[in-house]
Chemist: 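Please read through the structure below; I'll follow up with questions.
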4 protein chains.
Amino acid sequence: MKKNKPKYKQIIDAAVVVIAENGYHSSQVSKIAKKAGVADGTIYLYFKNKEDILISLFQDKMGQLIERIEQETTSRQTAEEKLLTLVQTHFEQLAADHHLAIVTQLELRQSNKELRYKINEVLKGYMVVIDQILDEGIKEKIFRDNLNRKLVRQLIFGMMDEAITNWVMKEQRYNIVDQAKDVHSFIINGLALSRDVKE
Amino acid sequence: MKKNKPKYKQIIDAAVVVIAENGYHSSQVSKIAKKAGVADGTIYLYFKNKEDILISLFQDKMGQLIERIEQETTSRQTAEEKLLTLVQTHFEQLAADHHLAIVTQLELRQSNKELRYKINEVLKGYMVVIDQILDEGIKEKIFRDNLNRKLVRQLIFGMMDEAITNWVMKEQRYNIVDQAKDVHSFIINGLALSRDVKE
Amino acid sequence: MKKNKPKYKQIIDAAVVVIAENGYHSSQVSKIAKKAGVADGTIYLYFKNKEDILISLFQDKMGQLIERIEQETTSRQTAEEKLLTLVQTHFEQLAADHHLAIVTQLELRQSNKELRYKINEVLKGYMVVIDQILDEGIKEKIFRDNLNRKLVRQLIFGMMDEAITNWVMKEQRYNIVDQAKDVHSFIINGLALSRDVKE
Amino acid sequence: MKKNKPKYKQIIDAAVVVIAENGYHSSQVSKIAKKAGVADGTIYLYFKNKEDILISLFQDKMGQLIERIEQETTSRQTAEEKLLTLVQTHFEQLAADHHLAIVTQLELRQSNKELRYKINEVLKGYMVVIDQILDEGIKEKIFRDNLNRKLVRQLIFGMMDEAITNWVMKEQRYNIVDQAKDVHSFIINGLALSRDVKE
DNA sequence: TATGAATGAGTATTCATTCAT
DNA sequence: AATGAATGAATACTCATTCAT
């Protein structure tokens with residue numbers, strides 16, 4: 001399995017740093033190869049083409065993020081707690097790797113449309129995690145069930161994504177993790193069983 | 001004023017169609033010129049360079065969207081109604097121009113980072129509109145005031161943006177306007193004054 | 001006759017200034033038109049094309065230079081005096097018009113080969129002037145007659161041309177007219193009847 | 001060292017032929033690449049840009065000319081002989097390579113001013129060679145020392161340059177080497193110690 | 001496995017010139 | 001005579017990918 005060979009990881013990690021520091025359009029394969037300490041041609045022994053580096057990078061890093069979120073959330077009791085943990089872990093992980101945050105929120109989005117469809121595939125795994133929490137919340141009767149489920153998980157992801165993107169565009173000058181509580185509160189209230197007066 | 005000359009609009013409209021149909025990276029200036037029925041060189045009488053077409057396109061179209069939303073919302077009485085009108089108008093406008101939806105949600109994001117910062121400038125106008133509604137809602141005592149205001153408006157925009165992007169990526173196969181009610185409900189509840197039991 | 005209309009001269013003079021200040025390759029027709037205070041299209045009522053402006057400029061200015069040299073030299077008695085006057089007048093005239101010096105010595109040489117052939121035509125008039133002085137010198141028995149005549153006049157022109165070009169390239173920081181005496185002395189000696197010991 | 005790789009020389013030599021045959025402005029990089037038998041992109045492995053090809057060409061060829069002249073002149077005894085050898089070798093070398101003559105005398109001068117300043121740098125090496133001969137001649141008491149030295153070497157170069165340029169513009173229809181003796185005679189007399197009657 | 005020299009497709013932009021007014 | 005908006009041809013350079021060693 002190529003993914004476990006050391007050069008595979010070297011190249012992925014080099015790509016994150018090179019793209020974060022130079023921007024997507026100034027990150028030539030030769031620059032990534034140099035940073036990774038391998039020859040240009042070697043890249044093509046581990047990746048089909050340049051796009052494949054980016055997809056692999058996203059799968060790899062986002063996969064780790066999702067895995068981490070799963071770990072953290074399962075140890076919580078209620079859906080409400082799980083949701084808070086999800087938002088916090090998501091924010092913490094990206095706050096912990098400035099380069100990765102730039103790459104996922106800004107640079108990778110400059111890739112072509114096809115790549116973005118593949119990125120969306122990776123995000124389906126994230127949607128599953130959100131889905132399970134929504135399920136639990138509904139069973140716990142703290143989340144209502146009268147909203148389009150697929151839509152809701154998109155909205156939740158969209159909120160977090162927008163919050164992080166803004167933080168990256170503001171050059172990470174404030175603490176994004178501090179916003180987790182408000183985002184969580186907004187979501188929890190949004191999903192709460194409607195009071196009599198509402199609707 | 002160049003912006004009012006007929007060729008200016010011709011070129012912008014041609015750019016929307018060409019980019020939507022061919023994708024950002026296959027939309028050569030010559031292709032846009034041909035579609036607009038002008039010579040390649042004429043483009044440069046109205047726009048500084050290719051990027052300037054895209055910025056102008058976004059300013060023009062997003063400006064119209066914001067303006068339309070402002071018109072529609074001011075005719076509503078309550079903040080809750082205004083917010084529904086905002087989401088609905090946003091969705092309706094993009095649903096009414098399939099090409100534009102593809103361009104704003106997918107293609108324009110492939111532009112370089114600098115262009116994306118300029119796009120963000122345009123969106124500040126949208127943020128102001130959301131802000132005013134939030135203000136009213138708080139005065140009406142239907143929105144709570146214990147959440148980070150700047151964050152909240154980002155979250156609202158992020159929700160709508162994600163919903164529309166998903167709809168475009170699903171090739172606009174369902175009716176996005178149908179989702180406005182749920183998005184609105186989510187937001188309204190999210191912002192509602194917390195019930196005793198919550199928090 | 002177009003050459004006597006005021007706009008003809010306006011355009012020529014504008015061209016000299018624009019080319020001297022911006023360089024040959026940054027001297028667009030539109031820039032010359034603007035400096036001359038006419039519309040772009042008006043240029044083409046007085047000149048066949050851009051090249052024609054440059055040829056006319058050279059004919060006009062170099063023609064004046066040659067005419068001036070003829071005037072000055074005819075008032076001198078001997079070939080030796082005439083030659084000194086020729087060199088001095090040539091240097092003085094270009095020293096008096098810094099813009100023109102830059103244009104004739106540096107910028108116009110960047111024109112295409114065809115233009116340079118036409119410029120050579122203009123210089124034939126200069127060669128005639130030199131020729132007459134050589135003739136007189138030979139008759140006066142102060143110039144020898146054992147050198148290729150056509151070659152000699154080229155050599156004399158080449159000396160002056162190189163001296164002025166160097167002065168322009170050194171940004172006209174020294175007084176070129178001061179060099180006239182040495183150039184003259186070199187030529188006069190070079191052409192002098194050989195002494196016994198030589199050859 | 002790139003300058004010693006075979007492709008470097010291939011490209012330089014191809015450039016000389018292509019420019020001589022097509023003229024400076026019709027010598028596209030792709031044309032030079034084709035003639036050299038390499039891909040367009042390969043050019044840029046050896047040269048920074050198109051201008052760099054031309055500078056390198058001039059440095060390379062003019063460097064060889066100067067070197068050859070140094071070799072030939074050092075084997076001569078007197079300054080007078082050395083000067084004749086210099087003029088003859090200069091003329092012979094360019095007569096031996098018709099393409100190169102066209103390029104150095106006509107085409108390269110159409111380059112922009114910056115390039116021409118760099119060309120002047122190369123020519124300083126030539127000036128040094130002339131200088132040494134002038135030195136010797138003064139020590140031998142056959143050259144006078146009452147003329148501006150920097151000016152004199154410019155004049156000598158200017159004479160040779162003009163003679164060759166004329167020969168190239170006359171399509172090399174006569175034998176330029178035949179003119180060496182007259183040029184030499186002119187210079188030698190010009191520099192000779194003045195006879196009583198002069199000055 | 002690894003290398004890195006070589007490849008060659010692809011495109012935004014300028015500016016001399018025209019011509020309807 | 002004069003205008004100036006419109007035209008459209010023409011080209012250097014980059015960089016992902018290959019393949020002989």
Side-chain angles (χ1 to χ4, degrees), chain A residues 2 5-8 11 25-34 36-54, chain B residues 2 5-8 10-11 25-34 36-53, chain C residues 2 5-8 11 25-34 36-54, chain D residues 2 5-8 10-11 25-34 36-53:
Chain A
K2 281 191 171 167
K5 294 202 178 173
K7 288 199 176 163
Y8 180 89
I11 293 167
H25 285 112
S26 299
S27 296
Q28 295 80 359
V29 171
S30 62
K31 213 178 258 177
I32 295 172
K34 196 173 180 183
V38 300
D40 293 15
T42 305
I43 297 268
Y44 292 87
L45 297 176
Y46 294 88
F47 300 92
K48 215 165 67 240
N49 49 36
K50 186 179 179 181
E51 188 180 299
D52 191 30
I53 306 176
L54 303 175
Chain B
K2 282 196 169 160
K5 293 196 176 172
K7 290 202 175 157
Y8 180 89
Q10 267 175 52
I11 294 166
H25 285 111
S26 299
S27 296
Q28 295 83 354
V29 171
S30 61
K31 215 178 255 177
I32 295 172
K34 197 171 179 183
V38 300
D40 293 15
T42 305
I43 298 269
Y44 293 87
L45 296 177
Y46 295 88
F47 300 92
K48 221 169 55 244
N49 49 37
K50 187 179 178 181
E51 187 181 299
D52 191 31
I53 306 176
Chain C
K2 281 191 170 166
K5 295 201 175 173
K7 288 201 177 161
Y8 180 91
I11 293 166
H25 285 112
S26 299
S27 296
Q28 295 80 0
V29 170
S30 61
K31 212 177 258 177
I32 295 172
K34 195 173 181 186
V38 300
D40 294 14
T42 305
I43 297 267
Y44 291 87
L45 297 175
Y46 294 89
F47 301 91
K48 215 167 64 243
N49 49 35
K50 186 179 179 183
E51 188 180 298
D52 190 30
I53 306 176
L54 303 176
Chain D
K2 282 196 168 158
K5 292 196 179 174
K7 290 202 174 154
Y8 181 89
Q10 268 175 53
I11 295 166
H25 285 112
S26 298
S27 296
Q28 295 82 353
V29 171
S30 62
K31 214 179 256 178
I32 295 172
K34 198 172 179 183
V38 300
D40 291 18
T42 305
I43 298 267
Y44 294 88
L45 296 177
Y46 294 89
F47 301 92
K48 220 168 56 245
N49 49 37
K50 187 180 178 181
E51 187 181 299
D52 190 32
I53 306 176

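Sequence lines set the chain letters: A, B, ... in the order given, protein chains first and strands last, and positions in each chain run from 1.
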Chemist: Could you please name the option among E:dT7, F:dA16, E:dT13 that lies closest to any side-chain atom of A:Gln28?
Modeler: F:dA16
Chemist: Using whole Å, what does the distance between atom P of nucleotide E:dA2 and atom CZ of A:Phe47 come to?
Modeler: 13 Å
Chemist: For the C1' atoms, the ones on E:dT1 and on F:dT21, what distance do you get once it is rounded to whole angstrom?
Modeler: 13 Å
Chemist: Going by heavy atoms in the side chains, are A:Val29 and A:Ile32 under 4.5 Å from each other?
Modeler: no
Chemist: If you only use heavy atoms from C-beta on, which nucleotide in F:dT17, E:dT3, F:dT7 is closest to the side chain of B:Leu45?
Modeler: F:dT7
Chemist: Quick one: closest heavy-atom pair of A:Gln28 and A:Lys50, and the distance?
Modeler: CA-NZ, 4.4 Å
Chemist: Taking NZ from B:Lys48 and C1' from E:dA12, how many angstroms apart are they, rounded to a whole number?
Modeler: 15 Å
Chemist: Would you compute the distance between atom NZ of C:Lys31 and atom CG of C:Asp40 and round it to the nearest 0.5 angstrom?
Modeler: 12.5 Å
Chemist: How many whole angstroms separate atom NZ of A:Lys31 from atom C1' of F:dA16?
Modeler: 14 Å
Chemist: Supply the atom-to-atom distance A:Ile43 CD1 to A:Asn49 CG, rounded to the nearest 0.5 angstrom.
Modeler: 11.5 Å
Chemist: Is C:Tyr46 close to C:Ile53 at the side-chain level, that is, under 4.5 Å between some pair of heavy atoms?
Modeler: no
Chemist: Name the closest nucleotide to the C:Lys50 side chain, picking from E:dT14, E:dT17, F:dA16.
Modeler: E:dT17
Chemist: When we call it a touch if two heavy atoms are under 4.0 Å apart, what does D:Val29 touch: a base, just sugar-phosphate, or nothing?
Modeler: sugar-phosphate
Chemist: Starting at atom OH of D:Tyr44, determine the distance to atom P of E:dA5, rounded to an integer number of angstrom.
Modeler: 19 Å
Chemist: Would you indicate what C:Tyr46 reaches in the nucleic acid, counting non-hydrogen atoms under 4.0 angstrom: base, sugar-phosphate, or nothing?
Modeler: sugar-phosphate
Chemist: Reading DNA chain F from 5' onward, which residue's closest nucleotide shows up sooner: A:Gly41 or D:Glu51?
Modeler: D:Glu51
Chemist: Can you measure B:Ile43 atom CD1 to F:dA5 atom P for me and round it to whole angstrom units?
Modeler: 17 Å
Chemist: Could you state the atom-to-atom distance from NZ of B:Lys5 to C1' of F:dG4 in whole Å?
Modeler: 10 Å
Chemist: Whom does F:dT7 pair with, Watson-Crick or G-U wobble, provided both distances fall under 3.5 Å?
Modeler: E:dA16
Chemist: Can you tell me if D:Lys7 touches the phosphate of E:dA6, counting only side-chain N or O atoms and a distance under 4.0 Å to OP1 or OP2?
Modeler: yes
Chemist: In this structure, how many angstroms lie between the P atom of E:dA16 and the CG atom of C:Leu54, rounded?
Modeler: 10 Å
Chemist: Examine F:dA6: is either OP1 or OP2 under 4.0 Å from a nitrogen or oxygen in the side chain of B:Thr42? Give yes or no.
Modeler: no
Chemist: Of the nucleotides E:dA12, F:dC13, E:dT17, which has the atom closest to the C:Asp40 side chain?
Modeler: E:dT17
Chemist: How long is the span from the CZ atom in C:Phe47 to the CG atom in C:Leu54, to the nearest 0.5 Å?
Modeler: 9.5 Å
Chemist: Give the rounded distance in Å between these two atoms: NZ of A:Lys34 and P of F:dC15.
Modeler: 14 Å
Chemist: Scan every strand shown for a Watson-Crick or G-U wobble partner of F:dC13, both distances under 3.5 Å, and answer none if you come up empty.
Modeler: E:dG10
Chemist: Does F:dT21 pair with anything, Watson-Crick or G-U wobble, both distances under 3.5 Å, and if so, with which nucleotide?
Modeler: E:dA2
